[in-house]
Amino acid sequence: MTSTVSAPAATTESPARGLVCRACGAEYPLVAQHACYECFGPLEVAYDSAALARVTRAQIEAGPQNIWRYAGLLPAGQDPATRVTLDPGLTPLVSAPGLAARLGITAPLWVKDDSANPTHSFKDRVVSVALTAARGLGFTRYACASTGNLANSVAAHAARAGVPSIVFIPHDLEPGKIITTAVYGGELVAIQGSYDDVNRLCGELVETDEFEDTAFVNVNVRPFYAEGSKTLGYEVAEQLGWRIPAQVVIPMASGELLTKVDKAFSELVEIGLVDAPAGGWTVFGAQSAGCNPIATALQGGTDEIVPVKPTGIAKSLNIGDPAAGAYAIEAVKRTGGWMDYADDDEIRDGIRLLAETTGVFAETAGGTTVAVLKKLVESGKLDPAKETVVLNTGEGLKTLDAVAELVGPTHTIKPSLRGAREAGLLG
Ligand SMILES: Cc1ncc(COP(=O)(O)O)c(C=O)c1O
Ligand SMILES: [Zn+2]
């Protein structure tokens, strides 16, 4: 940790004061519970606003070069000794003038490249916060229901902490997601069903005596897990010099990430760490055509999400029954944004366009987001004259199959000058 003369020491107390129902407002203590007993609505962490307001820019800037610099705004992990973490975060915010030019965007365009996290997706953020909270709540085994990236991250965090893990995935994930989970040595259960089947089963397992000691990061400790996504929003603002961009394009599976980036911006304004941009900020959501229940609902003018059976190459986004979908729609509508979706060919084009213009190789989720950014510009929903940040949440090396047949050597030659000449590489 670097130190400055002016930053008063950050407190080791959590600013969280309880859990609150997102639907009816009922309040609960900070325990491993994710649904409201009154109305079955999802719970989220509520904070003591005075405690949040004590956090200063100087304190954050003097903190570690990872998500824990925002510990004063998170529910757990204020004391470094209590953390279960790979220290993710402070990933690059890449200026993308080449991509902007290709899309007709005239204002600054940025790619927040979360493939630079320890297990190469933004999920390290949510897992670090969830498992730190889980450890404090006394859990001794770590688990999740995953579309791939979460599996990588839970298995790696458990390995680093020396705690057993059991990770549940759909059996038909990309090899690049299965291998990069299995290598960490925990239990890995492939289920003959979709992610939604996996999630349902985990919801049943968590109620059994055998799993009483187990924290499922996105089931029983979900309220803490979800808060980890706020750090993406905080970082974007800090890296822009404590400014919130006018527009952000965000991939959606459950829709949670989108709601938490929006929440992060709101908190920063509320506690006076940044001024809201003139005209506020606008959030946009990206899905694939093979799994677009949130975007379809918004485009149809409703927040009633009709679950779908997902298909298509953007497997990390394939949640057919998205838990935070209605809240994502609320955030997009409130900020004047829009949602759209891209088909598999458009996703492949998105991966290549991003790679060719920025040097960032995204997985299918990032390809989806770039493809949707392009559509939003073309449809006039996104203002090309306003500063925009697009989130790349995962790593292209994990989904190589998506582009394997589209790219390769441009020349194959014999190892001689003659070979080079024959291929047209020499005069
Ligand atoms: C790479 C990637 N991006 C985005 C998401 C979407 O996250 P959320 O479920 O919070 O909408 C996921 C979820 O698994 C993911 O793996
Ligand atoms: Zn409720």
Side-chain angles (χ1 to χ4, degrees), residues 1-17 44-95 110-114 116-118 122-133 136 224-245 248 250 257 259-277 281 283 387 389 391 393:
M1 191 165 169
T2 52
S3 62
T4 69
V5 278
S6 57
T11 167
T12 54
E13 273 184 33
S14 169
R17 64 171 168 76
E44 72 175 341
V45 175
Y47 294 91
D48 170 1
S49 45
L52 294 186
R54 282 195 288 274
V55 174
T56 65
R57 285 187 192 177
Q59 243 172 30
I60 292 171
E61 287 165 358
Q65 300 294 309
N66 55 54
I67 61 164
W68 299 113
R69 63 204 282 105
Y70 308 108
L73 305 172
L74 295 172
Q78 287 70 33
D79 175 355
T82 65
R83 294 173 192 158
V84 176
T85 190
L86 304 176
D87 290 331
L90 275 203
T91 55
L93 183 69
V94 179
S95 173
W110 306 88
V111 177
K112 176 64 171 166
D113 185 15
D114 247 24
N117 277 310
F122 89 99
K123 293 292 183 183
D124 289 330
R125 301 173 181 276
V126 287
V127 172
S128 277
V129 176
L131 292 182
T132 296
F224 303 95
Y225 154 95
E227 290 299 285
S229 287
K230 292 193 305 181
T231 60
L232 245 172
Y234 299 147
E235 278 178 28
V236 166
E238 186 182 355
Q239 289 171 318
L240 286 174
W242 297 108
R243 284 189 307 110
I244 294 172
V248 191
I250 305 169
L257 170 63
T259 70
K260 295 299 175 176
V261 169
D262 174 64
K263 184 179 180 190
F265 291 165
S266 297
E267 279 180 1
L268 290 179
V269 171
E270 262 165 48
I271 65 180
L273 290 189
V274 297
D275 296 324
W281 63 86
V283 290
E387 184 173 48
V389 174
L391 303 188
T393 47

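We count residues from 1, following the sequence as given. Given the structure is predicted, the values throughout are model-derived calculations rather than measurements.
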* **D262: partners by salt bridge (Lys or Arg N to Asp or Glu O under 4.0 Å), with sequence neighbours left out** => R334
* Asked: Roughly how far, to the nearest 0.5 Å, is the CH2 atom of W242 from the CZ atom of R57?
  -> 6.5 Å
* N/O donor-acceptor pair under 3.5 Å between N117 side chain and K123 backbone -> no
* To do: Apply salt bridge (Lys or Arg N to Asp or Glu O under 4.0 Å) to R243 and list each qualifying residue two or more places apart in sequence or on a separate chain.
  => E387
* Structure fact -> Contacts of W281 meeting ring pair (Phe, Tyr, Trp, His ring centres under 6.0 Å) (sequence neighbours excluded), chain-then-number -> F265
* Asked: Can you name the closest pair of heavy atoms from N66 and P88 and give their distance?
  -> CB-O, 3.0 Å
* L73 CG to L273 CG distance, which is reported to the nearest 0.5 Å -> 7.0 Å
* Closest non-hydrogen atom pair between P277 and P245, with its separation -> CG-O, 4.2 Å
* Can you measure from CG (L74) to CD1 (I67) and round to the nearest 0.5 angstrom? => 6.5 Å
* Asked: Who passes ring pair (Phe, Tyr, Trp, His ring centres under 6.0 Å) against F122, sequence neighbours left out?
  -> none
* Asked: How about W68 and T85: does a side-chain donor come under 3.5 Å of a side-chain acceptor?
  -> yes
* Gap separating the CG atom of L257 from the CG atom of L391, nearest 0.5 angstrom -> 6.0 Å
* Asked: Which atom pair, heavy atoms only, marks the closest approach of G233 to A264?
  -> CA-CB, 3.9 Å
* Structure fact -> Sorted by chain and number, sequence neighbours left out, side-chain hydrogen bond (donor to acceptor under 3.5 Å, both in side chains) with S229 holds for none
* **Pairing residues for K260 by the salt bridge (Lys or Arg N to Asp or Glu O under 4.0 Å) criterion, not counting sequence neighbours** => E44, E227
* To do: Please name all residues satisfying side-chain hydrogen bond (donor to acceptor under 3.5 Å, both in side chains) with T91, sequence neighbours left out, ordered by chain then number.
  => K112, D114, R125
* Between V45 and F224, is any pair of side-chain heavy atoms under 4.5 Å apart? -> yes
* Asked: NZ/K230 to OG1/T259 distance, rounded to the nearest 0.5 angstrom?
  -> 11.0 Å
* Asked: Can you find a pair of side-chain heavy atoms, one from W110 and one from Q239, that are under 4.5 Å apart?
  -> no
* Asked: Does the pair V269 and I244 meet the rule for a side chain to side chain contact (heavy atoms under 4.5 Å, CB included), with working shown?
  -> CA-CA 9 Å; V269 171; I244 294 172; 3.7 Å; yes
* Quick one: side chain to side chain contact (heavy atoms under 4.5 Å, CB included) partners of A81, sequence neighbours excluded? -> D79
* To do: Please identify each residue that fulfils side-chain hydrogen bond (donor to acceptor under 3.5 Å, both in side chains) with E270, with sequence neighbours left out.
  => none
* To do: Taking T132 for its side chain and A76 for its backbone only, find out whether a donor-acceptor pair lies under 3.5 Å.
  => no
* Asked: What residue pairs, at least two apart or across chains, pass salt bridge (Lys or Arg N to Asp or Glu O under 4.0 Å) with a residue in residues 63-78?
  -> R69-E238
* **Results of salt bridge (Lys or Arg N to Asp or Glu O under 4.0 Å) for R83 - residues two or more places apart only** => none
* Return the minimal non-hydrogen interatomic distance between P75 and Y47, and the atom names on each side. => CD-OH, 3.2 Å
* To do: Please name all residues satisfying side chain to side chain contact (heavy atoms under 4.5 Å, CB included) with S49, sequence neighbours left out, ordered by chain then number.
  => none
* Structure fact -> One should read off an interatomic distance between S128 OG and D87 CG, to the nearest 0.5 angstrom, of 7.0 Å
* Locate the shortest heavy-atom distance separating P15 from G72; write the atom from each residue and the value. => CG-O, 3.1 Å
* Under 3.5 Å side-chain donor-acceptor pair for Y234 and E267 -> yes
